[in-house]
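Here, residue 1 is the first one in the sequence, and each next residue gets the next number. All figures in this text were calculated on a predicted structure; none of them were measured in a lab.
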Amino acid sequence: AQVRERREGEALADLPVQARALAKPLSELVRDINKRSDNQITRMTYLALAEKAPKDASGTTAQKADAVMRNWLRSQGVRADGLVVDNGSGLSRSERVSAQTLVDTLAASLKSKWAAELQASLPIAGVDGTMRNRGTDTAAAERARVKTGTLRNAWALAGYVRDANDQLLIVAAIVNADPGKGEEVGRKARKVLDEVLVWAAASREQGK
């Protein structure tokens, strides 16, 4: 048989398939990402966006993924001028996003046919995921579905909350602290974020 050298990154189409594995459906991957805050799956899912880039697109896989993401945001009318994505997992000091961009993105997601899958993937306050021990015995318990985010000196959450009239609200909040602050600041920051959820869950109660 003819043998030729394989260049790095090149697949040989004439070789027989030895094994095949199918990934989980995207809805299950997103559930792992959001419920458990799985950063590795988050990064790989982000990089997979590059497959949606035009065939003649130039740049690295990460650059193509970034372009696909930004094209979708523009198509949904979401302004993301200050958005900075580094590795796609959120574990980067250089990444930036505003609370308004998060709110607008969540609002745009409600228009998708996959909106129910997204909401089902988010941790439920006082029930599961990264929110299982937060919001318990409050108005937000079982009514807030939010993704949390934590870095040293930075805490955030964003998602959906059902208010006292069962209306769906969109919530996004970010707390940043000066470098070097201790764990006490983290506890206070999480308390503030949890109070935002409680306020939203009770916001229509008694005319509030």
May I ask whether [X] and [Y] are part of the same hydrophobic cluster, defined by side-chain heavy atoms of I, L, V, M, F, W, Y residues being less than 4.5 angstrom apart, directly or through others?
X: L49; Y: I41; answer: no
X: L169; Y: L157; answer: no
X: V78; Y: L106; answer: no
X: Y160; Y: I124; answer: no
X: L102; Y: W72; answer: yes

Between [atom1] of [X] and [atom2] of [Y], what distance do you get to the nearest 0.5 Å?
X: T148; Y: R134; atom1: OG1; atom2: CZ; value: 6.0 Å
X: S98; Y: D104; atom1: OG; atom2: CG; value: 7.5 Å
X: L83; Y: R70; atom1: CG; atom2: CZ; value: 4.5 Å
X: D163; Y: W199; atom1: CG; atom2: CH2; value: 10.0 Å

Test log, rule side chain to side chain contact (heavy atoms under 4.5 Å, CB included), inputs K64 and L47: CA-CA 8 Å; K64 292 177 183 178; L47 293 176; over 6 Å; no
Where [X] and [Y] come nearest, the two heavy atoms and their spacing:
X: A141; Y: D137; answer: CB-N, 4.2 Å
X: R145; Y: L122; answer: O-CD1, 3.5 Å
X: A189; Y: V175; answer: CB-CG1, 3.8 Å
X: W155; Y: A177; answer: CZ3-CB, 3.8 Å
X: A99; Y: A172; answer: O-CB, 3.7 Å
X: Y46; Y: N87; answer: CD2-O, 4.1 Å

Which is it for L168 and L110 under the side chain to side chain contact (heavy atoms under 4.5 Å, CB included) test, yes or no, and what are the steps along the way? CA-CA 10 Å; L168 189 66; L110 288 175; 3.9 Å; yes
When you look at L197 and M131, which way does the side chain to side chain contact (heavy atoms under 4.5 Å, CB included) test go after all the steps? CA-CA 11 Å; L197 297 181; M131 288 295 296; 3.7 Å; yes
Below 4.0 angstrom, N of the basic side chain to O of the carboxylate: do E28 and R31 qualify? no
Should the pair D128-K35 be classified as a salt bridge under the 4.0 Å nitrogen-to-oxygen rule?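 Yes, this pair counts.
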Is there a donor-acceptor contact under 3.5 Å from the side chain of [X] to the main chain of [Y]?
X: R93; Y: L151; value: no
X: S121; Y: L118; value: yes
X: D66; Y: A62; value: no
X: S203; Y: A164; value: no
X: R132; Y: G129; value: yes
X: R96; Y: G82; value: no
X: R79; Y: T101; value: no

Strictly by modelled atom types, are N39 and S89 linked by a side-chain donor-acceptor pair under 3.5 Å? no
Does a side chain donor of either T130 or S37 reach within less than 3.5 Å of an acceptor in the other side chain? no
Do [X] and [Y] have side chains that get closer than 4.5 Å, going by heavy atoms?
X: M69; Y: V85; result: yes
X: V146; Y: L193; result: no
X: T45; Y: I33; result: yes
X: L26; Y: W114; result: no

I'd like to know whether [atom1] of [X] has more than 12 heavy-atom contacts from other residues, nucleotides or ligands below 6.0 angstrom.
X: D166; atom1: CG; result: yes
X: Q76; atom1: CD; result: yes
X: M44; atom1: CE; result: no

V185 and N153: CA distance, side-chain angles, deciding distance, side chain to side chain contact (heavy atoms under 4.5 Å, CB included) verdict: CA-CA 8 Å; V185 175; N153 304 117; 5.6 Å; no
